[in-house]
*Asks:* 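Got a structure for you, written out below as structure tokens; questions coming shortly.
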Amino acid sequence: MTTVFLSGDPKSDELLADDPFALLTGMLLDQQVPMEVAFAGPAKLADRLGKLDVHEIAEMNPDEFLEKFAEKPAVHRFPKSMAARVQKLAEAIVDDYDGDTSAIWTSGDPTGAEVLKRLKKLPGFGEQKAKIFLALLGKQFGLQASGWREAAGDYGTEGSRRSIADVVDEDTLQEVRAFKKQAKAAAKAAKK
């Protein structure tokens, strides 16, 4: 059984390790909030909905879904826009993969480049988010797709501390935070 340290909460991390839709949803939510808050989001949703079912979320009334999403503490600091994104993601998985989230990276024995292409087609997944998720699959979930490291770019580098893909404990979380802080400062300095 895969174990992860993505949210810092054992119950949330267990869901992420066991449920590909939860994992993908955590990645979707990983913007403008701390990483562990984003990856704790799927467990909050599962608690409020009774379970995290991709079909049910895709078919749910958007207002009812938003109500569950926005309950205090909200799943994300931008509940309205992110609830809509999660529902669009669920709809895409139901429509394109018959509700089987893991088919995105397993169906047809895809290469790393193909998995990246599939991820980038998902609502809310741009180039960077798709590469980070691909690296997460390769580094922590045993993805065997040929060329996944190359397709993930710098995020696929072994031993790097660039993203959630590299977080396996409290120490690596702090190392990734330090890297992000340094990268942000360098980008800010370059704009001057």
*Asks:* Hey, is Glu114 close enough to Arg118 for a salt bridge, meaning N to O under 4.0 Å?
*Replies:* yes
*Asks:* Please find the pair of heavy atoms, one from Ala145 and one from Pro110, that lie closest to each other, and give the distance.
*Replies:* CB-O, 3.2 Å
*Asks:* State, yes or no, whether a side-chain contact exists between Thr3 and Asp13 at a heavy-atom distance under 4.5 Å.
*Replies:* no
*Asks:* For Asp169 and Thr172, which I'm curious about, is there any donor-acceptor pair between the side chains at under 3.5 Å?
*Replies:* yes
*Asks:* Side-chain heavy atoms under 4.5 angstrom apart, residues restricted to Ile, Leu, Val, Met, Phe, Trp, Tyr: same cluster for Leu143 and Val4?
*Replies:* yes
*Asks:* Over all heavy atoms of both residues, which pair between Ser7 and Ala40 is shortest? Give the atoms and the distance, please.
*Replies:* CB-N, 3.8 Å
*Asks:* Got Arg149 and Lys139 here, is their nearest side-chain heavy-atom distance under 4.5 Å?
*Replies:* yes
*Asks:* Is it true that a side-chain atom of Gln87 and a backbone atom of Ile57 form a donor plus acceptor pair closer than 3.5 Å?
*Replies:* yes
*Asks:* Linking I/L/V/M/F/W/Y whenever any side-chain heavy atoms sit under 4.5 Å apart, do Phe179 and Leu6 land together?
*Replies:* no
*Asks:* Donor-acceptor pair, His76 side chain versus Leu29 backbone, under 3.5 Å?
*Replies:* yes
*Asks:* Taking Glu36 first and then Arg177, would you say they form a salt bridge - that is, a charged N and a carboxylate O separated by under 4.0 Å?
*Replies:* yes
*Asks:* Starting at CG of Leu134, measure out to CZ of Phe125 and round the result to the nearest 0.5 Å.
*Replies:* 11.5 Å
*Asks:* Are Thr111 and Leu116 side-chain neighbours, meaning at least one heavy-atom pair lies under 4.5 Å?
*Replies:* no
*Asks:* Evaluate the side-chain proximity of Glu175 to Arg162: yes if any heavy-atom separation is below 4.5 Å, no if none is.
*Replies:* no
*Asks:* Would you say the side-chain atoms of Gln144 pair up with the backbone N or O of Gly142, donor to acceptor, closer than 3.5 Å?
*Replies:* yes
*Asks:* Starting at CZ of Phe5, measure out to CG of Asp171 and round the result to the nearest 0.5 Å.
*Replies:* 9.0 Å
*Asks:* For Leu119 versus Ala130, what's the shortest heavy-atom pair and its separation?
*Replies:* CD1-O, 3.6 Å
*Asks:* Flag the pair Lys51 and Glu56 as a salt bridge only when some basic side-chain nitrogen lies within less than 4.0 angstrom of an acidic carboxylate oxygen.
*Replies:* yes
*Asks:* Could you tell me whether Lys129 atom NZ has more than 12 heavy atoms of other residues or ligands within 6.0 Å of it?
*Replies:* yes
*Asks:* Quick one: does Ser107's side chain have a donor or acceptor within less than 3.5 Å of a partner on Ile104's backbone?
*Replies:* no
*Asks:* Quick one: does Gln128's side chain get under 4.5 Å of Tyr155's, heavy atoms only?
*Replies:* yes
*Asks:* What heavy-atom pair brings Ala165 and Ile132 nearest, and what distance separates the two atoms?
*Replies:* CB-O, 3.9 Å
*Asks:* Applying the side chain to side chain contact (heavy atoms under 4.5 Å, CB included) criterion to Phe65, which one of Met60, Arg48, Glu59 satisfies it?
*Replies:* Met60
*Asks:* If only side-chain N and O atoms count, and only distance matters, is there a donor-acceptor pair under 3.5 Å linking Glu170 with Gln174?
*Replies:* yes
*Asks:* Looking only at atom types and distance, does a side-chain atom of Gln140 sit under 3.5 Å from a main-chain N or O of Val167, one as donor and one as acceptor?
*Replies:* yes
*Asks:* Which is it for Val115 and Trp148 under the side chain to side chain contact (heavy atoms under 4.5 Å, CB included) test, yes or no, and what are the steps along the way?
*Replies:* CA-CA 8 Å; Val115 174; Trp148 73 261; over 6 Å; no
*Asks:* Given side chains that start at C-beta, do those of Asp19 and Pro42 come closer than 4.5 Å, heavy atoms only?
*Replies:* no
*Asks:* Quick one: does Leu23's side chain get under 4.5 Å of Leu15's, heavy atoms only?
*Replies:* no
*Asks:* What pair of heavy atoms forms the shortest contact from Ile164 to Leu136, and how long is it?
*Replies:* O-CD1, 4.1 Å
*Asks:* Between the side chains of Asp100 and Ser102, does any donor sit under 3.5 Å from an acceptor?
*Replies:* yes
*Asks:* I'd like to know if Lys11 pairs up with Asp47 as an ion pair, taking the criterion as any Lys NZ or Arg NE/NH1/NH2 lying under 4.0 Å from an Asp or Glu carboxylate oxygen.
*Replies:* yes
*Asks:* For a quick test of reading the model, state the closest non-hydrogen atom pair linking Ala22 to Leu16 and the distance between them.
*Replies:* O-CD2, 3.5 Å
*Asks:* Under the criterion salt bridge (Lys or Arg N to Asp or Glu O under 4.0 Å), I'd like the reasoning laid out for Lys131 against Glu127: C-alpha separation, chi angles, the key distance, then a yes or no.
*Replies:* CA-CA 6 Å; Lys131 284 182 174 184; Glu127 180 88 16; 3.3 Å; yes
*Asks:* Start with the C-alpha distance between Trp105 and Phe133, add both sets of side-chain angles, then the distance that settles ring pair (Phe, Tyr, Trp, His ring centres under 6.0 Å), and finish with yes or no.
*Replies:* CA-CA 11 Å; Trp105 53 90; Phe133 191 76; 5.5 Å; yes
*Asks:* Per the side chain to side chain contact (heavy atoms under 4.5 Å, CB included) rule, which among Leu89, Val86, Val54 passes with Leu24?
*Replies:* Leu89
*Asks:* Do you know which of Thr25, Val33, Asp30 makes side chain to side chain contact (heavy atoms under 4.5 Å, CB included) with Phe39?
*Replies:* Asp30
*Asks:* Taking Gln32's backbone N and O only, do any of them form a donor-acceptor pair with Arg77's side chain (distance below 3.5 Å, no angle check)?
*Replies:* yes
*Asks:* Given side chains that start at C-beta, do those of Lys88 and Ile93 come closer than 4.5 Å, heavy atoms only?
*Replies:* no
*Asks:* Can you tell me how far apart NZ (Lys72) and NZ (Lys44) are? Round to the nearest 0.5 Å.
*Replies:* 11.0 Å
*Asks:* Between CE of Met35 and CD of Gln31, what distance do you get to the nearest 0.5 Å?
*Replies:* 14.0 Å
